[in-house]
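One structure is given here, and the rest of the page talks about it.
Bear in mind that the values here come from a model prediction, so they are computed numbers and not experimental data. When reading the values below, keep in mind they use all heavy atoms of this one structure, side chains included, and skip hydrogens, waters and symmetry mates. Reminder, nothing fancy here: chain letters follow the sequence lines and each chain counts from 1.
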There are 2 protein chains.
Amino acid sequence: MPGMNSDDQLDAAFAALAHPVRRAILARLAKGTATVNTLAEPFEMSLPAVSRHIRVLETAGLIKRDRNAQFRPCTLEPGPLKDIAAWTDMYRPIWEARFDTMEQLLHDMKDDS
Amino acid sequence: MPGMNSDDQLDAAFAALAHPVRRAILARLAKGTATVNTLAEPFEMSLPAVSRHIRVLETAGLIKRDRNAQFRPCTLEPGPLKDIAAWTDMYRPIWEARFDTMEQLLHDMKDDS
DNA sequence: GCATTATTTAACGTAATTGTTAATTAGTCA
DNA sequence: TGACTAATTAACAATTACGTTAAATAATGC
């Protein structure tokens, strides 16, 4: 994707994941490649709508598309997920600190009893 | 947040993080509590605009607000970040598998030389 | 009370997102 | 060729997102 810096890539990845249908599509693709019709089947939604969700995922780099006759099999591309995990991990010390505080609190309460 | 299931919460968190200004605000809050004006200072954007970004973060549960005279200090709330990390971790085996494949490939190439 | 500071709300314009149905493109196969 | 399947694009409507400036609210302090 030309002209897309790492900030833009995070924007696109986060935005793509902010829809339950798209997260469900990714979950399905985690089990293996699937065509558009297969991916659309679980949803009470028109095929064009699903097709556009798939395009959003593709633009965000979360999936890749192949060609096989008239089928367009989709494959999960975990790169952006890895980026999001890395970004989120910057904050891990914060929530673990809070967890430690609670652990400590529980520990102190046990000492009292 | 009543009537917000865990899917909705993920939606809100991902959507909130899909904007560079909001991610920058979180990064600032990771260093400590700050007021709206302090948070707005780095951005070439009106104060009301920043105020609304802050509200988006608050609605997503990513920050909490206090009251201190006419100030409204904001504090980072890492809960949704933890949720996102947990969600993303479901896919960790996939990108690690790819990494292993590449490692294996590089290893094999080294064997050849 | 009155000026000052901090923040939010109101009103508005514009662009993006999400969905629909109908039409179109692309490829297969009898 | 012609019917069939897979998928996308076109055209449209409704909603949400994001920014602006101006006005309103809230708390402080002389």
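- Between B/R65 and A/R67, the residue anchored closer to the 5' end of DNA chain C is B/R65, taking for each the nucleotide with the nearest heavy atom.
- A straight line from CZ of B/R52 to C1' of D/dC18 spans 7 Å, rounded to a whole angstrom.
- Here the CG atom belonging to A/L39 is positioned 9.5 Å from the OG1 atom belonging to A/T33, to the nearest 0.5 angstrom.
- Distance, B/M45 CE to D/dG19 P: 4 Å, rounded to whole Å.
- Residue B/R72 is the one, among A/V21 and B/R72, whose nearest nucleotide of DNA chain C lies closer to the 5' end (criterion: closest heavy atom).
- Taking every heavy atom of both residues into account, A/L17 and B/F14 meet most closely at O-CD1, 3.4 Å.
- Backbone-only engagement by B/R55 is indicated by non-hydrogen atom pairs under 4.0 Å involving sugar-phosphate atoms exclusively.
- Here CD1 of A/I63 is found 12.0 Å from NE2 of A/H53. Values are rounded to the nearest 0.5 Å.
- Side-chain contact between B/W95 and A/L76: absent, with no pair of heavy atoms (C-beta onward) separated by less than 4.5 Å.
- One distance of note links CG of A/N5 with CG of A/L10; it measures 9.5 Å at 0.5 Å rounding.
- The heavy-atom pair separating B/L26 from A/W87 by the smallest distance is CD1-CH2, 4.2 Å.
- Contact between the side-chain N/O atoms of A/H53 and the OP1/OP2 oxygens of D/dA7 is not found at any separation under 4.0 Å.
- Here D/dA6 is the nucleotide among D/dT8, D/dG19, D/dA6 with the atom lying nearest to any side-chain atom of A/N37.
- Across the protein-nucleic acid pair, B/D66 atom CG and D/dA27 atom P stand 13 Å apart, rounded to whole Å.
- A sub-4.0 Å separation between OP1 or OP2 of D/dT8 and a side-chain N or O of A/S51 is present.
- In this structure, the side chains of A/D7 and B/R23 come closer than 4.5 Å at one or more pairs of heavy atoms.
- Atoms CD (B/E44) and P (D/dC18) sit 19 Å apart, rounded to a whole Å.
- The interatomic distance linking A/L39 (CG) with D/dT8 (P) rounds to 10 Å, in whole Å.
- Nucleotides of DNA chain C that come within less than 4.0 Å of any heavy atom of chain B span, from the 5' end to the 3' end, C/dT5 to C/dA11.
- Atom pair A/L47:CG and D/dT8:C1' shows a separation of 9 Å (rounding to whole Å applied).
- If you take CD of A/E41 and P of D/dA7, they are 13 Å apart, rounded to a whole angstrom.
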